[in-house]
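A quick write-up on the structure given underneath.
Because only heavy atoms are used, hydrogens play no part in the values below, and waters and symmetry mates are left out as well, while side chains stay in. Here is the naming used below: chain letters follow the sequence lines, and residue numbers restart at 1 for every chain. This one's a predicted model, so the numbers in the text were calculated from it and none came from an experiment.
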Amino acid sequence: MKRILLIVALFALVAVGFAPAAAQDAPDGIFPGTWPYSLPPTHHLNLFAAGGPHDSTGIGNFYRQLVVMPFGFYRWDSATYEGLLAESWGFNEDNTKYVVTIKEGTWSDGTPLTANDAVVTYAIGRILNWADWNYLSDVVAVDDRTVEFIFNETGAGYTAERLIMKTRIAPAATYQALADEATALIAAGKTSDDQEWTDLATKIAEFRPDVLLASGPYTYSLEDIGDSYMTLHWQPNSIYSGSVQFGEIRLWQGETESTTPLVLNGDIAWATNVYPPATQQAFVDAGIRLVNVPLGYGAALLMQHDTYPFNIKEVRQAMAYAIDRDENAFFTNGFGATGTEYMAGVLDTMVSTLLDADSIAKLNHYDFDVDRAAELMETAGFTRDADGKWVDAEGKRISVEYKAPAEFADFLGASTNAVEQLNEFGFDITLRAIPWQQTAEDIRQGNFQLSVWSWAGGNPLASRQFFGPIQRFNYVGLSDGQKGMNFPMEFEYNGEMINLDALINDVSSGFDRDAQAQRAGRVALILNDLMPFIPLNIISAAQPFNESILTGAPADGDPLYAAPLDDAWMLKLLLEGVVRPAGS
Amino acid sequence: MSASADVRAVLSEKSLVQRLSSGTRGTVRALLRNKAGFLGFLGVMFFIILTTLGPLVIPYEGDPRLDRLRPGARSLFAPPSVEHPLGLDVKGRDVLSHIVHGGGPLILTALEAGILTTIVAVALGAAAGLLGGFIDQIISAASNFILTIPQFPLLLVLATIVTFDNRLGMALLLAVLNWPTLMRAVRAQVMSLKSRDYVEAAFALDLGLWHITTREVLPNMISYIVVNMIFTIRSAMYFIIALMFLGLVPLTEPDWGMMIFIGKQQGSLSNPEAAWMLLAPVLAIALFQLSLVLFTRSLEEVFNPRLRQGV
Amino acid sequence: MRKLIRSYTFRTVVQGLITIWAVMTFTFFLIRLMPGNPAQIKIDEYVDRYGMSEDQARQQVATLFNYDPDQPVFEQYVDYLSDLVRFDLGRSLTSTETPVAEQILRFLPWTLFSVGLALLVAFSLGVLVGLAMAYWRGGLLDNVMTVFASVIYAIPDYIIALLLIMVAGVQLKLIPVGELYGGSTQGIEPGFTVEYILDLLKHAFLPVFTYVLATIGGWMLTMKSSTISTLGEDYITVARARGLPERRLLTAYVGRNAMLPLMTRLAISIGFVVGGSAIIETLFLYPGLGRNLVLAIGLRDYTTMQGIFLVIAISVVVSNILADLLYGWLDPRVRLGGDKGTE
């Protein structure tokens, strides 16, 4: 008996010695999170089709990065990338290429990570019309671990960089065959108008791989997707397998309402939903820590500029003065929202990074001031009637309708409060709540007078920050025939003709950060003066972080908390093993 | 319908009125005699007084009250206190004042909708059951169609086409969408009654549909119909809330519907201190329904005199 | 042959088929008139969440979905119809290429089980209690139950569900909410075993209990009122005068006749069993069809919605036909089809 044990032990030792990573044991902890994933058969394992892991109905934009990793992770506080799969990255000397060297590592099946994985990913992405290909002409594997992204004539820039660094690289082992077909089509000179192209796109969508090869430390199969939670299992072969501290990531299904009791009961330890203030209070009362993390956007009051009197600058400015944005923020999401300070068209936290100091100093903060608002109304030719409502020269009140999305608690809260405040000031606004899809559609069609949608956004580049809503919901960014806000983008300003649309598109081009800041500063000042929309507030999520289950969240105010979900603090700290089971 | 049938209809209507007025004293006595029914009557009166006279006594709090934020609190919700017996809502306003000021319009619209639905359902059900044949098939097909149409998409699409600024429009829409269930019950009952001797006799005597319906069929079903009407009133209340948030009706405060929707959206049930904004209007609706149900006991005794003798 | 065409059953079936077709067609166009379309909703998601430009998102979404928004709706309808006659419900738009039939088969059993069970419990309990309430009218049982039924029936199901979770689950910690969520425990072997069946019942507890609470009041009060109507009828008085035992009177005469109007309600409820309850299934993470329907509506997944609505339409129509046939059986006096010449 003893001898058998000895032999077994010997074999075990040998096995440990020869199987490099496989001998590692899965860490003990379970990380209890949540995501509203869908169930199979809606849910499948194709990384390139809707309904797959990458989709919002899959495991969403945070957890997917723990399974199939991108090259890098963006630090919003320092405007730099940190490598995830990438060992080094950057533009070449003449800025014609972006060169990435991939870390030495393996997929979950033990096959090495190579440059070919990136080539395969982008070959399929090309058939699927990925935005990346607007900037690229080719993707080439230079050697086993170096891949070059060759820009087209206009492609080089930080926009393309972000797309490249954030694209999750799919495994060649699974997708090589499809990629070969794609490469063959390109070589044959086919375009997206050809039937072969469409057929291949359908073939890609129909593909249903049996296993999900992971470059990250976790993976799952369809059997792991339960009705109430799904499990991401630790796998030993990732670069990060040795550092993560959880053997399982348990994702509870459900949205805000169904996850609330689970957070309160300690079934869920970290959640990224936006919980309303009453629920936040309940969490605090239950001893759960809340971590404030920006969502990267806020609520903006949109005007349809064909609607009198919103075509008058002074009226718009008066509205900006007449709304107490701090109060509005509180009714948007309690302490999970702050009134906009700079009114610059980019997030307040990004102002100092993205704009030049001169422009920042010149920004009008539109501090709450009803007297100043009243002056502006009078300048625009309005007087108050007996009921204190503003009437124009013809005695007409500002009787308009305000459409707000009924499902979005934050936007609806911002809207009811804005309407209350404006009516108090002397407008005559009727609020109508409609389904969000209808709201978006009406805004696009220009079929509204006042409404609400997001401004700024989850992309740190200035041109992308300015994008919504002034381009997104304006005729310049919409399909033909849709006018949206219909704010004229070409006009005379300070004696010169400008094209605001072109100015915004140009803001982040090139590589000169100072010149970019100056261009951004100019755009910010124009928006700040003309107030084509009112950026009411900036919303953040109070993420519950249950410290009796997890530990390792930095103290409040840590610079890591500056990033929205796509570049979330948790990603870095989970991978590095800083966030770990409490008490370990 | 022939002229003589018209005359007969008028005559029988007159006789109904006569019957009711001659029995007024008996009716009042019946109303009072049943204790539970009387309690229901008092409940209904309470809601009438609450929504009509209440607003004169309790001032309305419409403006947000950020100043009521308690130190360290993350929301303005507050549990019931002496000053605010039903607590504070999401904007720090007195929930009681919203209950008092926000019930009238909802109750009225729901009543209209309930009565309208019942009339449509009973009329069509009686017609289908009594006339049978082709009419029955048309009505049954229509009811199947309306029952089966997915309502949510229908309302979404409807909201892009029409908006209601008055109550009657809403009540009409409700009636159009909700008559089939009761209609089918009435139809079934009428079919069953139709073959009974006295109805057949009435047919034989050519007493006219109106007469048969009002004198023979309806009294027999009245308590069932009334309960259904009460249910329709309840459904209408919640339906109106849905209409508000599909854009068919503008959002206005104060309104019980707003309280329920916003209360749910703001997670007020996740926090016992915040629950009253949502529970108060729901309980109000529940008590209103209870009052109506209890009140029907008295009505039963009025309409179904045989019951007065007890079983 | 002529007899067949004139027969009531035949006509009813034809009428049912026509209704299903009409509803299907109406629904087909209706859901395409809903604001937003699957592509636009995905575009909005990409723009809102990932800061893509509208153009980029549009390009990407165009190939992501096998859906051409520019194809004439009528053409789409003809395509759909030709698939349908081959019993092909099409493929999901938002989970690319997943067959709709597969989705329905995956989720429907759960809904049938939970809602069906709840309906069975609520209906039988409600009818029994309602009958007793009417019979001992004015007694303690009647008074207590009237209050209970009126109040509980006025509270919407989602509030009952939320209260159940928050009070019993979170405040009092009486029920382990997380453990009860879902349709069955993960990893348990499905099969005809005691263990599995108990597990199914355990997981169905929250939705079934909520459905029962939310609907039982309605059954009790309608049964009571229907019984009261019946009690006042002549033949009951006659039967009583004939000295029939009370129990027999109650079950054979009163109960049976009072059930009649309830059968129509029951038929409609049975028809809607397949649709499940979106809100309850979503709250309790129950893997039913309703939860999937909500997802499909939110994403404007036309084919999935269309498939689910079709299944609901068929079951409502079928159960109404069955109800019509059932009247005849419950009350032989009812002459089906109404007019006297047809039989």
Checklist line | chain A interface, residue from Leu251(B), Thr252(B), Val90(B), Val249(B) that has the most non-hydrogen pairs under 4.5 Å | finding: Leu251(B)
Next item on the list: May I ask you to test the Phe283(A)-Asn271(B) pair for a side-chain heavy-atom distance under 4.5 Å?
Entry: no
Checklist line | Atom group of Glu407(A) that falls short of 4.5 Å from chain B, counting heavy atoms | finding: backbone
Notebook entry, point to check: In terms of heavy-atom pairs under 4.5 Å, which option from Asp442(A), Leu412(A), Thr256(A) contacts chain B the most?
Noted result: Leu412(A)
Item checked: Val284(A) versus chain B, the contacting section by heavy-atom distance below 4.5 Å -> side chain
Check: Which of the residues Ala274(B), Pro272(B), Ala73(B) is involved in the greatest number of heavy-atom pairs with chain A at under 4.5 angstrom?
Finding: Ala73(B)
Checklist line | Glu424(A) side chain near Asp63(B) side chain, heavy-atom distance below 4.5 Å | finding: yes
Check: Do Glu253(B) and Glu420(A) touch side chain to side chain, with heavy atoms closer than 4.5 Å?
Finding: yes
Next item on the list: Might you point out which heavy atoms bring Pro277(A) and Ser75(B) nearest each other, and give the distance in Å?
Entry: CB-CB, 3.7 Å
Notebook entry, point to check: Taking the side chain as C-beta and beyond, is there a heavy-atom pair between Thr160(B) and Gln438(A) under 4.5 Å?
Noted result: yes
Check: Considering only heavy atoms from C-beta outward, does the side chain of Pro64(B) approach that of Glu327(A) to under 4.5 Å?
Finding: yes
Item checked: Part of Gln281(A) lying under 4.5 Å from any heavy atom of chain B -> both
Margin query: Would you compute the distance between atom CG of Asp285(A) and atom OG of Ser270(B) and round it to the nearest 0.5 angstrom?
Written below: 10.0 Å
Next item on the list: Count the heavy atoms of every other residue, nucleotide or ligand shown that sit under 6.0 Å from CH2 of Trp252(A), and state whether that count exceeds 12.
Entry: yes
Check: Do you know which two heavy atoms are closest between Pro276(A) and Gln265(B), and how far apart they sit?
Finding: CG-O, 3.9 Å
Note to self: If you count heavy-atom pairs within less than 4.5 Å of chain B, which of Ala404(A), Pro435(A), Ala433(A) leads?
What the structure shows: Ala433(A)
Next item on the list: Would you mind checking which part of Thr260(A) comes under 4.5 Å of any heavy atom in chain B, side chain (CB onward), backbone (N, CA, C, O), both or neither?
Entry: side chain
Check: So which part of Gln280(A) gets closer than 4.5 Å to some heavy atom of chain B, the side chain, the backbone, both or neither?
Finding: both
Next item on the list: Determine, step by step, whether Leu290(A) and Arg74(B) satisfy the side-chain contact (heavy atoms from CB on, under 4.5 Å) criterion, reporting the C-alpha distance in whole Å, the side-chain angles of both residues, the deciding distance to 0.1 Å, and the verdict.
Entry: CA-CA 11 Å; Leu290(A) 295 178; Arg74(B) 298 183 73 95; 3.5 Å; yes
Notebook entry, point to check: For the residue pair Ala278(A) and Gly267(B), what are the closest heavy atoms and their distance?
Noted result: CB-O, 4.0 Å
Next item on the list: Enter the distance from Thr416(A):OG1 to Lys91(B):NZ here, rounded to the nearest 0.5 Å.
Entry: 3.5 Å
Check: Can you say whether Phe245(B) sits under 4.5 Å from chain A via the side chain, the backbone, both, or neither, judging by heavy atoms?
Finding: both
Item checked: Residue pair Gln437(A) / Leu156(B), side-chain heavy-atom distance below 4.5 Å -> no
Item checked: Most contacts with chain B, counted as non-hydrogen pairs under 4.5 angstrom, among Phe335(A), Tyr402(A), Tyr275(A), Phe331(A) -> Phe331(A)
Notebook entry, point to check: Heavy-atom distance under 4.5 Å to chain A: side chain of Leu248(B), backbone, both or neither?
Noted result: backbone
Next item on the list: Side chain from CB out, backbone as N, CA, C, O: work out which of these in Ala159(B) comes under 4.5 Å of a heavy atom of chain A, or both, or neither.
Entry: neither
